[in-house]
Number of protein chains: 2
Amino acid sequence: MNAKEKALIEAKANILKALGHPTRLWMAEQLAGGEKCVRELAKNIDADFSTISKHLSILKQAGVVDVDKRGKQVYYRLKVPCILNFMPCVEAVLQATAQSHIELMQHKQVVSEIEAL
Amino acid sequence: MNAKEKALIEAKANILKALGHPTRLWMAEQLAGGEKCVRELAKNIDADFSTISKHLSILKQAGVVDVDKRGKQVYYRLKVPCILNFMPCVEAVLQATAQSHIELMQHKQVVSEIEAL
DNA sequence: TGCATATTTGGTCGTTTTACCATACGTGAA
DNA sequence: TTCACGTATGGTAAAACGACCAAATATGCA
């Protein structure tokens, strides 16, 4: 892996990392419905404003969101909305994992039934 | 946000977080070409085997990869291959960010030219 | 059985992340 | 200008992360 490839993979990982926190992912999903100011985003999160502000700045520095100050408010919006097209596949991973667990449980069930004979 | 929604968003964020590390993202991309054993994956990474193994276990516990032991080797593969369909959009974010930087630079250039008058 | 290979696990340690609090900054209204 | 509101920044402490080394485990072969 040369330096350019390495830099690219680091940049991409950084974006995924920015979305890899519940609060930040939630905020990104909220922004799918259009821009929102910090106060609106904070409304449903149980955390300090400073915490929320820092999360938003992480999303911003990752390039996930864009900022627009208008009057006293600061509005955030998704910079590249396709970022959330990913979610159905992420949910598929969750389902596949849940399915594995079910199968594992069933397997254990069968094993213990056999052992009980 | 109720408990169920919270759990869902945490689970999704956890998957993104798992992919949010250069080494893990790189390994996931390698697996797009089909299953590989640890040694093969390690070949192009400059890190201890134990480090690589731990990264793989994070991917596994996140449900991104599946494991299959065959003989002395342990083979890893993507559990839900669509996970990498996301990359083009991630790259679009990078491009958009790069574009902003260019525009910012151009803007600064213009400003300094004006100021030089 | 004993050994080499392939991978994982446990321990340690420096770094990063995250949350909170206090405080600063910027803006519009009075 | 002063105040209140909305948001950002700095500091700090606890927790999580990531890398390495050493040691453990599992497998196939001599």
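A note on names: the letters A, B, ... follow the listed sequences, proteins ahead of strands, and every chain is numbered from 1. Side chains are part of it too, since the values below use all heavy atoms of this structure and drop only hydrogens, waters and symmetry mates. In this text, all values refer to a predicted model and were calculated from it rather than measured experimentally.
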Atom [atom1] of [X] with >12 non-hydrogen neighbours under 6.0 angstrom:
X: B/Q95; atom1: CD; answer: no
X: A/E5; atom1: CD; answer: yes
X: A/D46; atom1: CG; answer: no

(message) Between the side chains of A/R70 and A/E35, is the shortest nitrogen-to-carboxylate-oxygen separation below 4.0 Å, so that they form an ion pair?
(response) yes

(request) Output yes when B/K12 and A/E29 qualify as a salt bridge under the 4.0 Å nitrogen-oxygen rule, no when they do not. (result) yes

(request) For A/T97 and B/K79, work out which heavy atoms get closest and say how close. (result)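 The pair with the smallest heavy-atom distance is CA-NZ, 3.8 Å.
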
(request) Taking all heavy atoms of B/A32 and all of B/L84, pick out the closest pair and write down the distance. (result) CB-CD1, 3.4 Å

(message) Under the disulfide (SG to SG under 2.5 Å) definition, can you give me all pairs with a residue in residues 47-85 of chain B, not counting sequence neighbours?
(response)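 Pairs touching residues 47-85 of chain B that pass the test: A/C89-B/C82.
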
(message) Under the disulfide (SG to SG under 2.5 Å) definition, can you give me all pairs with a residue in residues 26-73 of chain B, not counting sequence neighbours?
(response) none

(message) Using a 4.0 Å cut-off on heavy atoms, which residues in residues 52-65 of chain A reach DNA chain D? List them by number, or say none.
(response)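 Hits under 4.0 Å, by residue number: A/S53, A/K54.
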
(request) Using heavy atoms and a sub-4.0 Å distance, could you list which residues of residues 32-44 of chain B are near DNA chain D? By number, please. (result)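 DNA chain D contact set from residues 32-44 of chain B: none.
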
With sequence neighbours left out, write down each residue that passes side chain to side chain donor-acceptor pair (under 3.5 Å) with [X], or none if nothing qualifies.
X: B/K36; value: none
X: A/S57; value: none
X: A/N85; value: none

(request) Would you list the pairs meeting ring-ring contact (aromatic ring centres under 6.0 Å, His included) in which at least one residue belongs to residues 48-78 of chain A, sequence neighbours left out? (result)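 Of all non-adjacent pairs touching residues 48-78 of chain A, those that pass ring-ring contact (aromatic ring centres under 6.0 Å, His included) are A/H21-A/H55.
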
(request) Determine: side-chain N/O of B/Y76 to OP1/OP2 of C/dT8, distance under 4.0 Å, yes or no. (result) yes

(message) Rounded to whole Å, please give me the gap between CZ in A/F49 and C1' in C/dA19.
(response)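 Nearest whole value for this atom pair: 15 Å.
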
(request) Identify, with sequence neighbours excluded, every residue that meets side-chain contact (heavy atoms from CB on, under 4.5 Å) alongside A/Q61. (result) A/N14

(request) Using a cut-off of strictly less than 4.0 Å between a heavy atom of the residue and any atom of DNA chain C, enumerate the qualifying residues of residues 14-22 of chain B by number. (result) none

Polar-atom pairs under 3.5 Å, protein N or O versus N or O of nucleotides 24-30 of chain C: list them with distances, or write none.
none

(request) Please find the earliest and latest nucleotides of DNA chain D, in the 5' to 3' direction, that have an atom within less than 4.0 Å of any heavy atom of chain A. (result) D/dC5 to D/dG11

(message) Between B/R24 and B/A18 (side chain of the first, backbone of the second, donor and acceptor by atom type, cut-off under 3.5 Å), is there such a pair?
(response)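 Yes, the answer is positive, given that a donor and an acceptor are paired below the 3.5 Å cut-off.
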
(request) Remember a base hit wins even if backbone is also touched, and classify B/Y75 as base, sugar-phosphate or nothing at under 4.0 Å, heavy atoms. (result)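 If one applies the 4.0 Å heavy-atom cut-off, B/Y75 turns out to touch nothing in the nucleic acid.
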
